[in-house]
Amino acid sequence: MSRSTLKSVSLFLGVTGSLLMGNLLLGKLAMAHAQSDSQGHLHAAGTLICDSAAQPTRFQASYQITAGNDDKVQAHQLILTRFDDTIIYQRGPVSYEAWQKNGEYIRYFPEQNRSISYRRSDLLALNIHTDIDKQFHLISPAALSQFDKGEQHQAACFTQQRYSHTSKSQRQSLALDWIDELGLPASLTITQSGQQLNYRLTKLTPVSQQEFNLLTSGYQDLDFADVGDSESDPFIAKMITQGFIQHGSSGFYSADGKQLEGGHDHHH
Amino acid sequence: MMIKRLAALISCSLVTMAANSAVLPSVQTDSHWYKESAERVSNKATLETKAKAKNVILFVGDGMGISTLTAARIYQGQQLAGNQGGEENFLSFEKFDHTALVKTYNTNQQTPDSAGTMTAIATGVKSKAGVLSVSEQSLRGNCLSSKGNELVTLVDLANAKGLSTGVVSTARITHATPAATYANSPERNWEADSNLPAEAVANECKDIAYQMVMRDKDNALTVALGGGRRAFIPETVTDGENKKGKRKDGLDLTKAWVENFDNAAYVWNSEEFDAIDVAATDHLLGLFNSSHMEYEADRADDVGGEPSLTEMTAKSIEMLKKNDNGYLLIVESGRIDHGHHAGNAKRALADAVELSNAVKAAVENTDPEETLILVTADHSHVFTIAGYPKRGNPILGLVHGVDGSVSTALDGKPYTTLGYTNGPGAVVGNRDDLSSVDTQDKDFMQQSLIPMGSETHAGEDISLHATGPGANLVQGVMEQNVIFHIINQAQALGGTKY
């Protein structure tokens with residue numbers, strides 16, 4: 001999928017950078033199938049495993065993401081963990097990131113037990129503008145009103161509302177099954193110029209305070225504003241070398257230092 | 001005596017100049033450039049400066065190098081009604097009569113960091129990068145090596161003389177620049193006890209927040225205002241802006257401040273700050289953010305509400321002047337540095353202008369006969385003003401030449417006046433075409449040359465500006481540690497035998 005296509009997709013998704021990063025980190029995977037490791041009150045319907053105890057503000061959602069065309073499809077997994085005012089994006093083992101309702105962004109490096117916090121003003125100073133609603137719902141709920149509403153259907157655990165949308169130029173189309181109760185897509189397909197991007201919810205479970213703490217506690221945190229005074233810190237030096245902290249014109253880099261597009265806006 | 005002799009000499013030379021001016025054409029002598037500058041020199045010729053200062057206020061713009069001053073004065077000037085382009089403007093302290101250049105290197109670094117530079121200013125002794133008011137014999141990050149190498153600071157001396165003292169910063173109050181004025185530490189990052197390594201704990205080094213609050217009563221700060229709340233409260237406590245503390249020892253230093261000192265108060269937002277009864281408060285601690293306070297450009301967005309640097313300065317003076325013996329106030333504009341590190345000139349300049357406002361407030365709220373006001377920086381940044389923009393060209397804009405057309409580089413693309421030698425705005429591959437980009441937006445990141453995660457400090461000299469008693473000591477090119485000695489002498493702090 002080309003960068004321009006990705007940029008168009010970012011109109012809808014808060015995860016443009018995530019897609020490219022996932023590809024870089026995980027490479028080509030086979031399509032995932034629901035596992036039969038259900039526990040508690042899990043329900044399985046099609047390939048979705050879900051637990052109706054999941055709350056809109058406390059859940060863990062696994063998405064299977066595929067991108068490509070008829071000839072080549074790449075797939076990877078995204079795990080979203082929402083706990084009150086924080087949502088965590090996990091795409092691979094090296095690092096994961098959290099967005100908070102107040103606009104703060106934290107990048108965790110579990111192997112080193114270190115994290116870097118970007119306050120909203122830090123991100124703005126780097127010319128990074130983020131729609132927090134998109135980060136928390138993958139699609140900005142406000143954008144739904146621009147789509148054509150289809151029929152409702154009852155799926156495992158939740159009612160899903162179908163939406164569709166075709167851009168004025170007819171070049172981009174979107175098909176969405178939306179779980180209104182959670183404010184999350186159950187399925188989302190965006191098609192443009194023969195390329196297709198699909199998000200499919202494969203597992204949804206509740207998350208406890210303890211599970212959330214495991215993801216966010218015990219890290220030695222550094223303010224991004226202090227990076228400039230910390231380049232003698234071996235961790236910072238290493239992360240800069242690998243491109244994690246270096247922000248360039250987009251603000252985000254992949255595991256191998258390649259620049260990702262992520263909410264950058266030059267204010268044309 | 002010496003000053004009077006000098007003044008007489010200058011007066012004589014002015015008489016000679018006036019005599020010679022008869023031969024100058026009126027197009028020259030009638031020029032406002034000629035007349036205004038002649039008047040300025042004439043004023044300087046009659047300048048008399050007292051030697052002893054009752055009060056001293058030291059302003060430090062973190063990272064406020066000369067190019068930042070120039071850009072900030074134009075930035076401010078271009079916002080003034082009836083401006084002539086902005087270049088003619090002066091920041092408030094640039095009108096001071098006494099100026100010097102200051103060499104900033106650390107004992108181990110050609111280009112310095114804030115810890116080493118502020119140590120020089122606060123103690124009269126240059127030291128290494130990363131250490132706070134301990135000598136260069138200490139190893140960075142090693143507690144044991146710092147024992148016996150602690151340096152006495154201006155704050156210690158002023159308190160010992162019975163003066164009141166205050167420290168203000170828009171950064172964390174435990175950050176390197178403010179911390180060097182009241183703490184001794186071989187590691188600038190030991191801001192809370194949770195930052196102390198086992199070696200430091202074993203050898204009984206204390207974290208910086210602890211050192212600020214748990215002082216002897218007779219060496220206590222009268223005012224401490226800034227950010228950095230998290231280093232003062234336990235990790236189990238969530239503050240008013242929904243942020244957790246960083247202390248593992250369970251100490252709540254905000255409570256300790258109130259308990260340890262007489263008539264003490266702690267405030268955490270602008271509402272409480274505004275409500276402080278100065279007459280009834282003898283020790284004021286204000287911690288307005290969990291980490292650094294907001295950039296001035298973003299201050300209105302703060303959750304709890306933050307006072308401006310100007311407001312903090314004015315309130316501090318109000319508090320400190322209750323002491324008839326006098327006071328020492330040290331004020332840091334801490335986020336100029338962070339704006340530059342992010343390669344974001346507009347935020348850096350907005351904070352530099354706010355520092356100028358704070359200095360103006362200090363001038364207006366003090367007696368020039370008894371208060372020495374100094375304004376300096378700790379170090380510079382690799383921040384440049386380039387190209388040949390026409391007079392009045394927006395300082396944050398693309399370069400337009402004297403004929404008004406946009407100037408282009410060899411790649412055919414326009415470029416901004418302001419830029420950085422290195423940093424996050426570095427261009428890898430083709431440079432962005434900025435033709436349709438709003439480079440004056442506050443979130444615009446200036447382009448730079450060398451790709452680095454964070455734009456860096458620069459090693460050239462910074463400036464020192466002074467007015468009031470003892471300001472005449474500010475002249476020439478000096479080592480940064482001389483600033484300590486200027487204050488020590490002007491305020492007779494007793495640190496040496498002047």
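Numbered from 1 within each chain, the chains take letters A, B, ... in sequence-line order.
Only the side chain of His175(B) comes within contact range of chain A, judged by heavy atoms closer than 4.5 Å. In this structure, chain A has no heavy atom under 4.5 Å from any part of Asp113(B). Proximity to chain A (any heavy atom under 4.5 Å) is shown, for Asn189(B), by neither the backbone nor the side chain. Looking at Lys346(B), there are no atoms closer than 4.5 Å to chain A (heavy atoms on both sides), in backbone or side chain. Neither the backbone nor the side chain of Asp302(B) has a heavy atom closer than 4.5 Å to any heavy atom of chain A. For a residue to count as touching a neighbouring chain, one of its non-hydrogen atoms must lie under 4.5 Å from one of that chain's; by this rule Asp301(B) touches chain A with the side chain only. Of the atoms belonging to Arg299(B), not a single heavy atom falls under 4.5 Å from chain A.
For the residue pair Asp226(A) / His292(B), a side-chain donor-acceptor distance below 3.5 Å is found, with atom types taken as modelled.
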Practice problem: Could you please spell out the steps behind the salt bridge (charged side-chain N to carboxylate O under 4.0 Å, His left out) verdict for Lys243(B) and Glu104(A)? | Solution: CA-CA 12 Å; Lys243(B) 298 283 187 181; Glu104(A) 292 191 11; 2.5 Å; yes
Quiz item: Under the salt bridge (charged side-chain N to carboxylate O under 4.0 Å, His left out) criterion, do Arg188(B) and Asp229(A) qualify, and how do the steps go?
Solution: CA-CA 10 Å; Arg188(B) 59 180 285 169; Asp229(A) 293 321; 3.3 Å; yes
Practice problem: Apply the test salt bridge (charged side-chain N to carboxylate O under 4.0 Å, His left out) to residues Asp223(A) and Arg230(B): give CA-CA distance (whole Å), side-chain angles for both, the deciding distance (0.1 Å), then the verdict. | Solution: CA-CA 12 Å; Asp223(A) 283 10; Arg230(B) 66 193 187 194; 3.1 Å; yes
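Chosen from Ser121(A), Ser117(A), Ala125(A), Gly228(A), the residue pairing most often with chain B at heavy-atom distances under 4.5 Å is Ala125(A).
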